[in-house]
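What follows is one structure encoded as structure tokens, with my remarks underneath.
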Amino acid sequence: MWENRCKVAVSGVGFSRVTRSAEIPLAAHALAAVKGAVEDSGLALSDIDGLATYPELPATGHAMVDGITIVSVNCMMAMLKLPNLAWHVQVETVNIGGAVQQAVNALLAGVCRYAVVWRAMHNPKGTYQNLPGAQAQGAAQFTAPYGFGGPGQGMAVAYTRWLERHGQSREKMATLAVTQRRHSHKNPHAYFCGQPLTREDYLNSRMVAYPFCLYDCDIPVQGAVAIVLTTAARARDLRPRPAYIAGYGQRLAFEVAGRIGSLSSYMEGGRSSSRLTWERSGFSPKDVDVAQIYDGFSASVIYGLESYGFCKEGEALDFIQDGRMELDGELPLNTFGGSLSTGRIHGLWHIIEGALQASGRAGERQVEDVNVSFVGASAPIVQGTTFIFVREPY
Amino acid sequence: MTMSDWNRVTRPIPVPNEWTKPFWESARRGVLALQRCQACKHFQHPPYATCVRCMAIDLAFEPVSGKGAIYAYTIMYHAGDKRFAAAIPYASIIVELDDAPGALLAANLLEAPYTEAKVGRRVEVVFEPLNDDITLPQFRLARDKQ
Ligand SMILES: [Zn+2]
């Protein structure tokens, strides 16, 4: 087990308004989320001395304009003018979970006391993807000429392989979409809160990239979420009950850019990230009381459930049936609605929900008797992160 | 009819670089050639600076048979890329070649209804010239009964 387990905790969490596309600058969303998280902790902005984010654009091909399409650490600092800033980082790999893990390390090293991590996601008005022009350069020369445009197709090819190798049917995925949507009705911050989704809606919806229909894809939105992390001792003096980080893991893709369609790389990514988390925390999948698993595309949840070890390969779509993923089920799953219902904010919202469930602060959607709360924050799973939060330090 | 209409599609033109030039030069001559490690004989695609299996830097392009199977596929219904709108729905496939296990090639399934795309189905390479310089390797259902 990890000697540093439960020495750092998530304290406050914050959310901006989530809109379908950009109405106000992205910096305003990020600022609202960060201020919300600091306030939730009962801290003042001047207490914050660490900043971390993963600022990458979710949509490809748009210009990086700080404050408008991304919110960098520089941009946040220009807004907050933190008098005591002592540490910051802007990660480029493993998405926002990597920024959270760097903040954990900084707190363990004692180089800051209260760190804020945010993820701000831009959705321009008009076209989401800005696809390559008449020429296909770099890795795209082997994909774009064949009409492989967006990330959805890359994920879809692995899904057909999974479905046909295991003799499974995509109709079973309706359970995931419908249950997550129902969970989101208890999450007032979610984009689709209050908008019902039935099994028939799912089965009759238009196909996007087979086997993905509309409701297998998270909806691009503009919004931001944020968390405050601090040491366990400090967290106990703050307003919210802490969610202790019992362990984390990560995986850097070792695929060559442009290689797509490999189901085995997704599975290996999830296995190696979660193995670190299980070893460090000392827990195993059977100990988990509630799980959040990244669902930018629905099939990511399959790869997550199987590669993290919650069920066997080929069985994930059966595993989620029969009420198992309900709030009172055997493994309550994506209890905040997941990205499919909150909108595309990548993995930080999964991390927030994992922390809220561990600290008993998930409100109407709180799962009973949670101690061990698992998060697979990978977006996508081939390179990503996993976490375990606990209610009681051990 | 379930045949995709490729005639009105304008495909982005690949721009060969230092690593990929031999691939495209071979394709123009109607030969599918992949990068192969001269030390461990592993084929890889896309081309890379080193052998992804043994880290050797002695790499060369060698012809492969062009026969393989559909490793995975998707049927595209959404016109995210407007240039492909005329072909929708169409099959984008990933092919694993018999000669080069693990080296996955993207392609479209040509000369067949898109509904014929299935994991494991046998395919063979065909060549689709885009202009005088660039010819795309593509795949159709295999015609021999092997
Ligand atoms: Zn080699």
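Below, chains carry the letters A, B, ... as their sequence lines are ordered, and counting in each starts from 1.
Heavy-atom distances place both the backbone and the side chain of B/Pro137 under 4.5 Å from chain A. Using a 4.5 Å cut-off between heavy atoms, B/Trp24 contacts chain A through its side chain alone, with no backbone atom that close. Proximity to chain A (any heavy atom under 4.5 Å) is shown, for B/Ile134, by neither the backbone nor the side chain. Heavy-atom distances place both the backbone and the side chain of B/Tyr73 under 4.5 Å from chain A.
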**salt bridge (charged side-chain N to carboxylate O under 4.0 Å, His left out) evaluation trace for A/Lys172 with A/Asp318** = CA-CA 8 Å; A/Lys172 292 179 185 172; A/Asp318 294 320; 2.7 Å; yes

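Cation-pi contact between A/Arg119 and A/Tyr54: absent, since separation from the ring centre below 6.0 Å together with deviation from the ring axis within 45° is not met.
Relative orientation of the A/Phe297 and A/Phe212 rings is parallel, given thresholds of 30° and 60° on the angle between their planes.
When each of B/Trp6, B/Phe23, B/Trp19 is scored by its heavy-atom pairs under 4.5 Å with chain A, the top score falls to B/Phe23.
Looking at A/Arg271 and A/Glu268, a side-chain N of the basic residue comes within less than 4.0 Å of a carboxylate O on the acidic one, giving a salt bridge. Salt-bridge check for B/Glu128 with B/Arg140: failed, with every basic side-chain N at 4.0 Å or more from each acidic carboxylate O.
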